[in-house]
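This report concerns only the one structure given below.
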Amino acid sequence: MSLKLPIDVHAIKGFLAAHEGEALYHLAAEASAFGSSLEVGSYCGKSTLYLASACKLVDSVLFAVDHHRGSEEHQPGEEYHDPELFDEGVQLMDSFRTFRRNIRAAQLEEWVVPVVAPSAVAARCWNTPLGLVFIDGGHSLEAAMTDYRSWARHIVPGGYLAIHDIFPDPADGGQAPYDIYKLALASAQFELVEMVGTLGVLRRV
Ligand code: SAH
Ligand code: MG
């Protein structure tokens with residue numbers, strides 16, 4: 001189905017295919033029956049645009065967790081570095097300014113709570129039940145495991161865990177997201193709903 005977003009999603013820098021974004025939109029709409037939604041890894045707000053548009057529709061809230069300092073692959077000299085997102089003053093990546101600008105342009109500020117912090121720090125005092133957790137943060141095994149351990153336990157029964165960048169064949173990409181996906185299934189606390197591109201969608205049983 002073609003879905004109407006408040007701004008042109010192609011204008012937002014990011015790493016998400018349109019069909020994956022549309023799947024996230026529908027998940028966030030459904031998940032609102034169970035609790036709020038939370039994403040780890042917002043970058044410039046591409047996934048946020050899909051998730052928060054659904055939240056607006058059902059008047060739910062999206063927590064958007066990102067320290068906005070970039071993952072390993074976004075750092076200077078790395079494959080996905082974008083000089084436009086580099087803050088020369090502090091010599092660090094900073095995608096928050098662009099993220100904010102995009103969420104404002106999309107008029108979604110009332111449905112997005114930016115949490116500008118490392119995932120593990122944001123999770124330390126977390127106590128809010130979640131209907132959807134979307135993990136799209138750092139791709140090291142440590143980062144992915146931390147995200148899984150920090151957030152999956154807050155998903156209520158019936159709620160969704162969506163993990164991006166799942167590559168069953170190591171030749172296609174890093175294995176950390178796939179590793180936590182397998183861990184979730186092996187825990188028997190989650191069942192597979194569907195795969196949409198590289199997006200694995202699981203449901204908390
Ligand atoms: N979902 C985005 C892409 C996310 S890229 C889109 O649709 O385009 C991954 C993001 O994860 C980066 O912005 C990076 O800053 C963030 N990130 C990486 N490790 C993190 C951590 N430990 N805590 C919080 N954010 C992290
Ligand atoms: Mg990704």
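Start at 1 and go down the list; that is how both ligands and their atoms are numbered.
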Task: Option among I103, L49, T98 that satisfies the side-chain contact (heavy atoms from CB on, under 4.5 Å) test with I12 - done: L49
- [ ] Look at atom 3 (C) of ligand 1 and say which protein heavy atom is nearest, naming residue and atom and giving the distance to 0.1 Å.
- [x] D136 OD2, 3.4 Å
TODO: Look up atom CG in L185 and atom CG in L202, then write down how far apart they are to the nearest 0.5 Å.
DONE: 5.0 Å
Open item on the list: Quick check on contacts: which atoms of ligand 1 are under 4.0 angstrom from a heavy atom of P118?
Closed with: 23 (N), 24 (C)
Task: Residue A117 vicinity, atoms of ligand 1 by number, heavy atom under 4.0 Å - done: 24 (C)
Open item on the list: Just to verify, which of L24, D66, T48 counts as forming a side-chain contact (heavy atoms from CB on, under 4.5 Å) with E39?
Closed with: T48
- [ ] For Q75 and G70, indicate whether the former's side chain and the latter's backbone hold a donor-acceptor pair under 3.5 Å.
- [x] yes
TODO: Using a strict 4.0 Å cut-off to heavy atoms of G138, name the atoms of ligand 1 that fall inside it.
DONE: 18 (C), 19 (N)
- [ ] Could you establish whether A143 and ligand 1 come within less than 4.0 Å of each other, counting only heavy atoms on the residue side?
- [x] no
Open item on the list: Grouping I, L, V, M, F, W and Y whenever their side-chain heavy atoms are under 4.5 Å apart, do L27 and V61 come out in a common cluster?
Closed with: no
TODO: Just give me the atom name: the N, O or S atom of D165 closest to the Mg ion (ligand 2).
DONE: OD2
Task: Part of R69 with heavy atoms under 4.0 Å of ligand 1, whether side chain, backbone, both or neither - done: backbone
TODO: Using non-hydrogen atoms of the residue, decide whether H139 is closer than 4.0 angstrom to ligand 1.
DONE: no
Open item on the list: Looking only at protein heavy atoms, which one is nearest to atom 5 (S) of ligand 1, and what is the separation?
Closed with: H74 CE1, 3.7 Å
Open item on the list: For E142, I'd like to know if atom CD has over 12 heavy atoms of other residues, nucleotides or ligands within 6.0 Å.
Closed with: no
TODO: Identify which of H67, E72, E20 has a heavy atom lying nearest to atom 25 (N) of ligand 1.
DONE: H67
- [ ] For the Mg ion (ligand 2), find the closest N/O/S atom belonging to H164 and write down its atom name.
- [x] ND1
- [ ] Any chance you could lay out the ring pair (Phe, Tyr, Trp, His ring centres under 6.0 Å) test for F15 and Y43, step after step, and finish with the verdict?
- [x] CA-CA 9 Å; F15 311 96; Y43 195 59; 5.0 Å; yes
Open item on the list: Between H139 and the Mg ion (ligand 2), is there a contact where an N/O/S atom of the residue lies under 2.8 Å from the metal?
Closed with: no
Open item on the list: If the cut-off is 4.0 Å to any non-hydrogen atom of K46, which atoms of ligand 1 fall inside it?
Closed with: 6 (C), 7 (O), 8 (O)
Task: For S119, the ligand 1 atoms whose distance to one of its heavy atoms is below 4.0 Å - done: 21 (C), 23 (N), 24 (C)
TODO: Using the rule that two of Ile, Leu, Val, Met, Phe, Trp, Tyr join whenever any of their side-chain heavy atoms come within less than 4.5 Å, decide whether Y148 and F134 are in one cluster.
DONE: no
Open item on the list: Checking a contact table here: which protein heavy atom is nearest atom 8 (O) of ligand 1, and how many Å away?
Closed with: F15 N, 2.9 Å
Task: Cation over ring face, R203 and Y160, 6.0 Å, 45° - done: no
Open item on the list: Suppose we only allow N, O or S atoms; which atom of D136 ends up nearest to the Mg ion (ligand 2)?
Closed with: OD1
Task: Per-atom contacts of ligand 1 with G14, taking only distances under 4.0 Å to non-hydrogen atoms - done: 8 (O)
Open item on the list: Other residues, nucleotides and ligands only: do more than 12 of their heavy atoms fall within 6.0 Å of CZ on F167?
Closed with: yes
Task: Atoms in ligand 1 flagged as close to S42, the criterion being non-hydrogen separation under 4.0 Å - done: 2 (C)
Task: Heavy-atom nearest neighbour in the protein, as seen from atom 12 (C) of ligand 1, with distance rounded to 0.1 Å - done: D66 OD2, 3.4 Å
Open item on the list: Show the atoms of ligand 1 that are less than 4.0 angstrom away from any heavy atom in S47.
Closed with: 1 (N), 2 (C), 6 (C), 7 (O)
